[in-house]
Amino acid sequence: MGAYKRKIKVSGKTSSELYNKISTELDKFLLKAQIGKCEVSNEPAHKRISAKGSMFSATIHCKEGEVEMDVNLSFLAAGFRGKIDESIDRWLAKTFGTLT
């Protein structure tokens, strides 16, 4: 699997704002991404969301003004990392406004 970490700055948003929005919208994002059936689990106390499907696994940790992602992509999905990251960036920009 292709593993990588990524930090995305989302200025002016608290960890709670980020967590609440991402945790409620992640299922819609994954459905739109057409990556098959995924399991999503939420850890509100730690502001962490985990998602796992046949093509990937990811942990999203919401911090003050930042979203940190730990991602493992399958061999087939690894070739699409750039497109996956672009989709994530577009969704975050649309959802939270301008990213820094």
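Worth saying up front: this structure is predicted, and the values here are computed from it rather than measured.
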| query | Of all heavy-atom pairs between Ser15 and Cys62, which one has the smallest distance, and what is that distance? | reply | CB-O, 3.5 Å

| field | Sub-4.5 Å side-chain heavy-atom contact between Ile60 and Leu26 | value | yes

| Considering all heavy atoms, the nearest Leu73-Arg81 contact | CD1-CB, 4.0 Å

| query | Side chains of Glu25 and Trp91: does their closest heavy-atom pair fall under 4.5 Å? | reply | yes

| query | Minimum heavy-atom separation for Lys21 to Phe96, with atom names? | reply | CB-CZ, 3.5 Å

| Got a second to check how far Glu68's CD is from Arg48's CZ, nearest 0.5 Å? | 10.0 Å

| message | Between Ile8 and Ile88, is there a side-chain heavy-atom distance shorter than 4.5 Å? | response | yes

| task | State which residues pass side chain to side chain contact (heavy atoms under 4.5 Å, CB included) with Lys52; sequence neighbours excluded, sorted by chain then number. | result | Ser57

| Asp89 and Arg6: CA distance, side-chain angles, deciding distance, salt bridge (Lys or Arg N to Asp or Glu O under 4.0 Å) verdict | CA-CA 11 Å; Asp89 289 345; Arg6 182 170 180 218; 2.3 Å; yes

| query | Which atom pair, heavy atoms only, marks the closest approach of Leu18 to Gly65? | reply | CD1-N, 4.2 Å

| remark: When rounded to the nearest 0.5 Å, the distance separating CD1 of Ile49 from CE of Met69 is 10.5 Å

| task | Measure the spacing between NE2 of His61 and OG of Ser50 and express it to the nearest 0.5 Å. | result | 10.5 Å

| note | CD (Glu17) and CD (Glu64) are apart, to the nearest 0.5 Å, by 8.5 Å

| request: For Ser54 and Ser74, work out which heavy atoms get closest and say how close. | output: O-CB, 4.2 Å

| query | Which distance, rounded to the nearest 0.5 Å, do you find between the CE of Met55 and the CD1 of Ile84? | reply | 8.0 Å

| query | At what distance, to the nearest 0.5 angstrom, does NZ of Lys13 lie from CG of Asn20? | reply | 11.5 Å

